[in-house]
Q: 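Next up is a structure, given as structure tokens.
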Amino acid sequence: MSARAISAVKGMNDLLPEEVERWRVLEETIRETTRLHGYREIRTPLVEPTPLFVRSVGEGTDIVDKEMYSFVFHDEPLTLRPEGTASVVRAYVEHALHTKEPVSRFLYVGPMFRGERPARGRYRQFHQAGCEVFGDPGPVVDAEMIDMLVGLMAKLEVGEVEVLLNSLGGAGTKARYRERLLAHLEPMKESLSQDSQRRLETNPLRILDSKHPQDQEAIAGAPSILESIDDEDRAHFDRLRALLDALGTPYRVEPRLVRGLDYYSRTLFEIRGKSPELGAQNALGGGGRYDALVEDLGGPKVSGIGFGLGLERLLLASKAKPGLRVRSVLIAPMGARAQTEALVIARELRALGIVAHVEGRGGSLKSMLRRTASVDAGVALVLGDGELDRGVVQLKELDAHVQRDVARAELAAEVTRFFGRGTTP
RNA sequence: GUGGCCGUAGAUCAGCUGGUAGAUCACCGGAUUGUGGCUCCGGUUGUCGCGGGUUCGAAUCCCGUCGGUCACCCCA
């Protein structure tokens, strides 16, 4: 303990076994829910060529401008993925998956990296689960996806949530709206916050969801994007709303919802939690349609829609509890001969699906049995030279405080029978 | 990235206005020599985040730094 200990990188956390139990429950719930909707899991590298994100997420976004873990390795610019969609699109294009099926549905789960200042619910290495659908222009999938999210939130017991919905229109309307917005904002440039003045150049749409008090007046008077979208965009949006209404899936239209990635078009949504556990980071997930992205990344003209969920945040908000621990067998061997036999017994039990712990550290029987509590053992097996000579093992039923000798040959059957008749507390 | 608050045993924390540290839990051992969880008794645990400064003397004051946290920002 004298050497200086090394600690984890700022904003990157260890997940200790106790927490991992909750993570597994969460991930299993997500996998099962998405599986029922036809999503299949895809796994892509954590590292991608830097241009992939620059081209998809977009220059001028906070993510690309200041949050990416980028580095050059052997002359190649690489980046630790800051989000999941770009990689999935890249893989979709690279493997020409559109030629194999008209519609593809993907689930991904894994770590993402953004160099932000850590806070509650915000980390530099964080985890997302996300879904992507390619080849279906909506709006039926849009509704189905949002409805799935709301259902998933309920299953995870995250409490009350709010779905914010907006439409950005297609590429054409987006550009047109951008001009209208600029025309409105330019004259009042001086009154805007510094961040927003900068965004006038880089990414004017982002000004809409600025929370700066200085910006509120300008934003309030700004033209609504929903009034700028064209007829087709509007028909898409109206149909989506009608579907959600019919499904009874609650949402709130938020014309100023913009979000931080450039590739979105038409449908845009965000799901916010109300749990006080979330602190200021209340966005549990968000996503939208990206009908031009696949083509922009060199693929076919295929539409797409997807979302990402923040696993850390879901865990903060979720009240779902991990299942009961599986009860186990603790084997306490006294002496060298017994230790060998303990390993053999453990092997037999594990082959039958029973969790077995061998107390191999020696010490007094008392100290070995003391560990029954921490491993949540239902049964302890004690064996020493006496038992070995008689060809038996002492079986202790811990809850019942009873013990008896069991013939070595019948041990596995006896333990199986014990667990079989239900010993869950 | 900006500002506020915090940083003492593995964990949660106490330690007032400066005199080199404690509680609880956990852990280890014991309560007639091979029998747990409860109880009782005993024990270990710390470069008081790190570096520097003030001082005869600092966990206690000052500066810096790192980490955490809250808000801003951003989003998941």
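Every value quoted in this text rests on a predicted model; they were computed, and no experiment measured them. In the text below, chain A, chain B and the rest are named by the order of the sequence lines, each starting its count at 1.
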Q: Rounded to the nearest Å, what distance is computed from the CG atom of residue Asp14(A) to the C1' atom of nucleotide G67(B)?
A: 14 Å
Q: I'd like to know if Arg124(A) pairs up with Glu116(A) as an ion pair, taking the criterion as any Lys NZ or Arg NE/NH1/NH2 lying under 4.0 Å from an Asp or Glu carboxylate oxygen.
A: no
Q: By the 4.0 Å heavy-atom rule, please label Gly130(A) as base, sugar-phosphate, or nothing.
A: nothing
Q: Does the Glu410(A) side chain pair with the main chain of Ala413(A), one donor and one acceptor, at a distance under 3.5 Å?
A: no
Q: Check this for me, if you would: do Arg43(A) and Glu41(A) make a salt bridge, where the nitrogen-to-carboxylate-oxygen distance has to be below 4.0 angstrom?
A: yes
Q: Between C70(B) atom C1' and Asn282(A) atom CG, what is the distance in whole Å?
A: 15 Å
Q: Can you tell if the side chain of Leu226(A) reaches within under 4.5 Å of the side chain of Pro255(A), non-hydrogen atoms only?
A: yes
Q: Taking the C1' atom in each of U2(B) and C73(B), what is the distance between them to the nearest angstrom?
A: 9 Å
Q: Are Arg350(A) and Glu348(A) close enough for a salt bridge, meaning some N to O gap below 4.0 Å?
A: no
Q: Please determine whether a side-chain nitrogen or oxygen atom of Arg370(A) lies at a distance below 4.0 Å from atom OP1 or OP2 of U35(B).
A: no
Q: Just the rounded figure in Å: distance from C1' of G30(B) to NZ of Lys366(A).
A: 7 Å
Q: If a protein heavy atom is under 4.0 Å from the base, mark B; if only from the sugar-phosphate, S; if neither, -; do that for nucleotides 39-45 of chain B going 5' to 3'.
A: -------
Q: Please state how far atom CZ in Arg117(A) lies from atom C1' in C70(B), giving the value in whole angstrom units.
A: 10 Å
Q: Under a 4.0 Å threshold between the charged nitrogen and the carboxylate oxygen, would Arg337(A) count as salt-bridged to Glu341(A)?
A: no
Q: With a non-hydrogen cut-off below 4.0 angstrom, is Lys66(A) in contact with a base, only sugar-phosphate, or nothing?
A: nothing
Q: With heavy atoms under 4.0 Å as the rule, sort Gln125(A) into base, sugar-phosphate or nothing.
A: nothing
Q: Determine the interatomic distance between C1' on U44(B) and the same-named atom on G10(B); round to the nearest Å.
A: 12 Å
Q: Could you check how far CG of Leu330(A) sits from C1' of U35(B), rounded to whole Å?
A: 12 Å
Q: Using a heavy-atom cut-off of 4.0 Å across all strands, would you classify Leu314(A) as base, sugar-phosphate, or nothing?
A: nothing
Q: Can you tell me which nucleotide in U35(B), G34(B), G1(B) comes closest to the side chain of Val382(A)?
A: G34(B)
Q: Taking CE from Met368(A) and P from G30(B), how many angstroms apart are they, rounded to a whole number?
A: 12 Å
Q: Looking only at atom C1', what distance separates U55(B) and G18(B), rounded to whole Å?
A: 9 Å
Q: Check every strand shown and say whether Ala380(A) touches a base, only sugar-phosphate, or nothing at a heavy-atom separation below 4.0 Å.
A: nothing
Q: Looking for any heavy atom pair under 4.0 Å, which part of the strands does Asn13(A) touch: base, sugar-phosphate only, or nothing?
A: nothing
Q: Mind checking if Ala119(A) touches a base, just sugar-phosphate, or nothing, with heavy atoms under 4.0 Å?
A: sugar-phosphate
Q: Taking pairing as Watson-Crick or G-U wobble with both contacts under 3.5 Å, can you name the mate of G1(B), or confirm there isn't one?
A: C72(B)
Q: Quick one: label Gln394(A) by what it contacts on the DNA or RNA (base, sugar-phosphate, nothing), any heavy atom closer than 4.0 Å.
A: base
Q: With heavy atoms under 4.0 Å as the rule, sort Gln403(A) into base, sugar-phosphate or nothing.
A: base
Q: Return no unless some side-chain N or O of Ser367(A) is found under 4.0 Å from OP1 or OP2 of C28(B).
A: no
Q: Between Arg55(A) and Asp296(A), does any NZ, NE, NH1 or NH2 come within less than 4.0 Å of an OD or OE carboxylate oxygen?
A: no
Q: Does some side-chain heavy atom of Val379(A) sit less than 4.5 Å from a side-chain heavy atom of Leu395(A)?
A: yes
Q: Hey, does Ile271(A) reach any base, or is it just sugar-phosphate, or nothing, if we go heavy atoms under 4.0 Å?
A: nothing
Q: If you look at every strand shown and take non-hydrogen atoms under 4.0 Å, does Gly115(A) touch a base, only sugar-phosphate, or nothing?
A: nothing
Q: In whole Å, I'd like the distance from the CZ atom of Arg120(A) to the P atom of C74(B).
A: 21 Å
Q: Distance check needed: U35(B) C1' versus Glu387(A) CD, whole Å only.
A: 11 Å
Q: Closer than 4.0 Å, any side-chain N/O of Lys10(A) to the OP1 or OP2 of G67(B)?
A: yes
Q: Of the candidate nucleotides G34(B), U35(B), C70(B), which contains the atom at the shortest distance from the side chain of Met334(A)?
A: G34(B)
Q: Would you say the rings of Tyr92(A) and Phe134(A) are close, in the sense that their centroids are separated by under 6.0 Å?
A: yes
Q: Give one of base, sugar-phosphate or nothing for Arg371(A), where a contact means two heavy atoms less than 4.0 Å apart.
A: nothing
